[in-house]
Amino acid sequence: MGIPRQLPNAITVARIPLAVVFFVLLLMGGQYGDSALVLRWVAGGLFVLAISTDWVDGYLARKYDIVSDFGKLWDPIADKLLTGAGFVGLAILGEVSWWIVIVILIREWGITIHRLMVASEHIVAAAWMGKLKTAFQGVALGWALLPLHVLVGMPVWTVVTFVLMLVVLVLTVLSGIDYIVAQARGVREGRRAK
């Protein structure tokens with residue numbers, strides 16, 4: 001028995017409103033305090049649930065051979081909205097440095113804008129390095145968003161968060177370079193083929 005052909009795309013699209021709800025809950029929870037702890041757990045849990053759907057929609061699309069151009073285009077956009085909301089929320093709360101967030105967002109949205117600009121010519125699917133970057137962003141943001149300091153202590157949580165964000169920064173920049181090199185190579189090969 002198969003699944004509805006639009007299910008992977010519906011899961012992808014569902015990440016967009018989830019990103020908004022998560023962002024609002026995160027800011028409502030504010031910085032850590034007894035009254036905000038529940039909201040922070042809910043916001044962090046919602047993020048983990050939403051980012052997990054990235055694996056689910058891709059798995060379903062590949063397993064049932066229903067990969068679509070819509071999914072190839074909108075899956076990375078939904079991911080960037082969700083992770084971008086996480087990075088910006090953490091920066092607003094003063095838990096991640098703005099400079100790290102700005103560098104990450106410039107790379108993320110620069111490539112997203114490029115994907116949208118060339119969408120009429122061809123769909124640029126995420127490469128393996130971009131997928132690795134997104135997976136690591138999900139892990140790092142999940143760690144930073146969940147109030148795990150209550151389990152490991154604030155000093156450990158702070159150091160681990162900082163290290164994870166630096167690794168995310170490096171992977172994000174390297175995957176951006178990989179994307180640019182791959183696109184330049186594709187343009188050259190396209191010109192040769194004409």
Side-chain angles (χ1 to χ4, degrees), residues 8-58 70-71 73-116 126 130-152 154 157-158 160-173 175-176:
N9 292 342
I11 293 171
T12 295
V13 170
R15 275 202 300 283
I16 296 170
L18 282 176
V20 174
V21 173
F22 146 72
F23 185 71
V24 170
L25 288 173
L26 178 63
L27 295 185
M28 284 173 58
Q31 290 185 323
Y32 295 121
D34 293 339
S35 60
L37 200 56
V38 172
L39 272 177
R40 185 65 179 244
W41 277 111
V42 172
L46 187 58
F47 174 84
V48 170
L49 173 69
I51 201 71
S52 299
T53 66
D54 181 37
W55 179 83
V56 173
D57 61 14
F70 179 91
L73 179 64
W74 280 96
D75 184 68
I77 292 172
D79 291 342
K80 285 169 181 51
L81 286 170
L82 181 61
T83 57
F87 286 122
V88 170
L90 289 169
I92 288 171
L93 296 175
E95 297 173 24
V96 174
S97 298
W98 272 107
W99 73 268
I100 291 175
V101 172
I102 289 168
V103 171
I104 289 171
L105 293 181
I106 287 171
R107 179 272 186 218
E108 296 290 78
W109 287 103
I111 287 177
T112 297
I113 289 167
H114 178 265
R115 273 194 171 109
L116 291 171
K131 291 177 181 178
L132 174 67
K133 175 265 311 172
T134 300
F136 207 90
Q137 283 181 351
V139 170
L141 283 168
W143 169 271
L145 291 164
L146 290 166
L148 298 173
H149 72 286
V150 298
L151 304 175
V152 299
M154 190 59 88
W157 179 89
T158 303
V160 172
T161 299
F162 180 72
V163 169
L164 287 173
M165 290 303 159
L166 287 181
V167 173
V168 163
L169 178 67
V170 170
L171 283 174
T172 301
V173 170
S175 67

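For clarity, every value in this text was computed on a predicted model and none was experimentally measured.
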Determine, stepwise, if the pair E108 / K133 fulfils side-chain contact (heavy atoms from CB on, under 4.5 Å). CA-CA 11 Å; E108 296 290 78; K133 175 265 311 172; 3.0 Å; yes
Between V42 and F47, does the side-chain contact (heavy atoms from CB on, under 4.5 Å) criterion hold? Intermediate values first, please. CA-CA 9 Å; V42 172; F47 174 84; over 6 Å; no
Could you walk me through whether F136 and L132 satisfy the side-chain contact (heavy atoms from CB on, under 4.5 Å) test, starting with their C-alpha distance in whole Å, then the side-chain angles of each, then the deciding distance to 0.1 Å, before giving a yes or no? CA-CA 6 Å; F136 207 90; L132 174 67; 5.5 Å; no
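Partners of S175 according to the side chain to side chain donor-acceptor pair (under 3.5 Å) rule, which considers only residues two or more places apart in sequence or in another chain, are R107.
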In a table with atom names and distances, give each donor-acceptor pair under 3.5 Å that connects a side chain of residues 17-28 to protein atoms at least two apart or in another chain.
none

Can you give me every donor-acceptor pair (side chain of residues 97-106, partner residue at least two apart or in another chain, under 3.5 Å) with its distance?
unit_1: W98; atom_1: NE1; unit_2: A91; atom_2: O; d: 3.4

For residues 160-173, run the donor-acceptor check on the side chains, cut-off 3.5 Å, and write out each pair with its distance to 0.1 Å, sequence neighbours left out.
unit_1: T161; atom_1: OG1; unit_2: W143; atom_2: NE1; d: 3.0
unit_1: T161; atom_1: OG1; unit_2: W157; atom_2: O; d: 2.7
unit_1: T172; atom_1: OG1; unit_2: Q137; atom_2: NE2; d: 3.1
unit_1: T172; atom_1: OG1; unit_2: V168; atom_2: O; d: 2.7

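No option in D57, N9, T12 other than T12 meets the side chain to side chain contact (heavy atoms under 4.5 Å, CB included) test with W74.
Listed here is the closest heavy atom pair of V48 and G142: CG2-CA, 4.2 Å. Considering every non-hydrogen atom in both L141 and G86, the closest pair reads CD2-C, 3.9 Å. Heavy-atom minimum distance, A78 versus I16: CB-CG1, 4.1 Å.
Annotation: salt bridge (Lys or Arg N to Asp or Glu O under 4.0 Å) contacts involving residues 77-90, sequence neighbours excluded, comprise R15-D79.
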